[in-house]
Amino acid sequence: MLEVDRINSFYGDSHVLFDVSMKVRAHEVVALLGRNGAGKTTTLKTIAGVIRPRSGTIHFAGEPIHRLASHAIARLGLQLVPEERRIFATLTAEENLRLAALTVPDPWPVERIFDTFPRLAERRRARGGHLSGGEQQMLAIARALIRSPKLILLDEPFEGLAPVIVEDLLSLCQRLAEAGPTIVIVEQNVRAALSLAQRVYILNNGHNVFEGTPRSLHDNPEVMSRYIGVGAEEEAI
Amino acid sequence: MPSLGQFLSQAFNGFAFGTLLALISSGLTIIFGTLGLVNFAHGAMFMVGAFTAFVVLSQWHSFIAALFLGAAVLLVLAVGLERGVIRFYYNRPPEDQLLVTFGLSVMLVEAVRALFGSLSQRVPIPQWGEGIVNFGLFYYPLYRVEIIGIAGALLLGLYSVLYHTSLGLVVRAGIEDPTMVGLLGIPVRRMFLIVFAVGAMAAGVAGVIYAPLAAVIPDMGTPFLVEAFVVVVIGGLGSFGGAVVGGLIVGELLSLTSLFDPAYSQAAIYAVMTLILVVRPRGLFGAEGRA
Ligand SMILES: Nc1ncnc2c1ncn2[C@@H]1O[C@H](COP(=O)(O)OP(=O)(O)O)[C@@H](O)[C@H]1O
Ligand SMILES: [Mg+2]
């Protein structure tokens, strides 16, 4: 479904990704882990076309996408839910959803989104800027779902949210994953990410350093403490 | 002291001029808000609109034709400029944008000067705008009353497009975060072209409407450019409502202060702008966080 082959990405002159590769099969949930600054967000942004890789290739559903603009990539059914959520603050929750649905031939009906996220239904006329952090995150995910994408890239969906809300969103993601779309998830909350994922990639300083199943990661506490951190290790066990 | 009649008459002038300024400024503000572009060619586009009115009205005497042709000329001009030059400057520092749009403005002004000369052209008031209305306390030229209606209707049209269509939804979202708009599958570049063209057309159509009241000369856009920038700063960068309210404020300020001493009217708008910036740095309706 997604094949990233030795991409190199830069911010201006600073080289951030070094020959990063990764493969994601259809209907799979893959976790992308690593310390702060490891290059996870940059990898997702490069896949989604926000940043163009200076070398390397990215194929999605068999098509090369590394030279396409982000809107063309989104139209192929690849949807990034960015780290900063990027909800339109001056648009209402419902307008955020309608905007997202504009360029898809078969979007989810808005009512189906509201059935999935009852909290958003209550807040449909509230401006994006007036939503709580948890509501904004739900809206960010809902805005991806309404486009019925084939592949969703989730960048730290649980960041900065209260534990209760994380549990809610986590079970939602679990249901989502079972329903079919392929998911790549980046998370600091390693326990949450590993409970969803079938396979794991770890990045360090912009390099691939680990690839395997959550099980093999558990069996490899050295990789865990070296590339993710002791806190994360305890959380994961 | 001016009489009540004089005062009301000037207040009316301010209102008419304010709606016109609102129309020009709304174009400037959506271009800035969506594209982040400081467009110093906006005044020249207003001027091109006025000259289109001059040509059309002296040939065919049809104001409606002048309005449509004014919009059409600006559409063509805007598409050409955006594709040819402007689009390469969206991500450049403001001083680059300022220089290039100022350069374009000089070229437009000189091109018009080469075609029509520097002398002031008279554009006749349309027949249905001739005459004077008696408001009891004061008499008032009919055309200026009609300007309020025409500019008001155009602003309402622009408002409907911005707030009640998909294009408007995209533009409002684009003002906030063009990258995210792209991530939702919407071709941002094409949207930028549309926004630039709509903004330029607002200036051009304002030029058509204003032409019968003004000395139509190649340099006529400059004061409007300056005043429109004041309006946009007062109203808040990127805010349509801010452009309308700011336009009316500046229109009234210019009119009412000139009742006492025209020399102070420019000073007055800068004083009010400074005051508003001190109390509310993002302008009356500006979005939080947008510089
Ligand atoms: N906009 C940017 N400009 C310059 N450097 C950046 C930018 N964004 C991130 N970086 C740098 O790129 C590296 C990778 O960042 P990022 O991909 O955000 O890491 P992660 O998501 O894994 O925390 C870091 O060293 C970071 O400082
Ligand atoms: Mg990140």
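Chain A is the first sequence line, chain B the second, and so forth, proteins listed ahead of strands; every chain is numbered from 1. Computed from heavy atoms alone, side chains included, the values below leave out hydrogens, waters and symmetry copies.
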Could you tell me which portion of [X] (side chain, backbone, both or neither) has an atom closer than 4.5 angstrom to a non-hydrogen atom of chain B?
X: A:Thr103; result: side chain
X: A:Gln79; result: side chain
X: A:Arg86; result: both
X: A:Leu91; result: both
X: A:Ala89; result: both
X: A:Ala48; result: both
X: A:Ile146; result: neither

Per-residue contacts, residues 14-24 of chain B versus chain A, heavy atoms under 4.5 Å: none

For a side chain to side chain contact (heavy atoms under 4.5 Å, CB included) check, start with the C-alpha distance between A:Asn8 and A:Val16, then their side-chain angles and the critical distance, and finish with the verdict. CA-CA 7 Å; A:Asn8 287 272; A:Val16 172; over 6 Å; no

Got a sec: does the CZ of B:Phe102 have more than 12 other heavy atoms crowding it under 6.0 Å? no

Please evaluate residues B:Glu82 and B:Arg87 with respect to the criterion salt bridge (Lys or Arg N to Asp or Glu O under 4.0 Å), reporting the C-alpha separation (whole Å), side-chain torsions for both, the decisive distance (0.1 Å), and the verdict. CA-CA 5 Å; B:Glu82 206 271 351; B:Arg87 69 181 165 128; 5.2 Å; no

Between [X] and [Y] (side chain of the first, backbone of the second, donor and acceptor by atom type, cut-off under 3.5 Å), is there such a pair?
X: A:Arg52; Y: A:Thr46; result: no
X: A:Arg123; Y: A:His130; result: yes
X: B:Arg92; Y: B:Asp96; result: no

Would you say the ring centers of B:Phe224 and B:Tyr210 fall short of 6.0 Å from each other? yes

For the residue pair A:Thr42 and A:Tyr11, confirm or rule out a side-chain donor-acceptor distance under 3.5 Å. yes

Test A:Glu94 against A:Asn96 for side chain to side chain contact (heavy atoms under 4.5 Å, CB included), laying out the working first. CA-CA 5 Å; A:Glu94 191 169 345; A:Asn96 268 276; over 6 Å; no

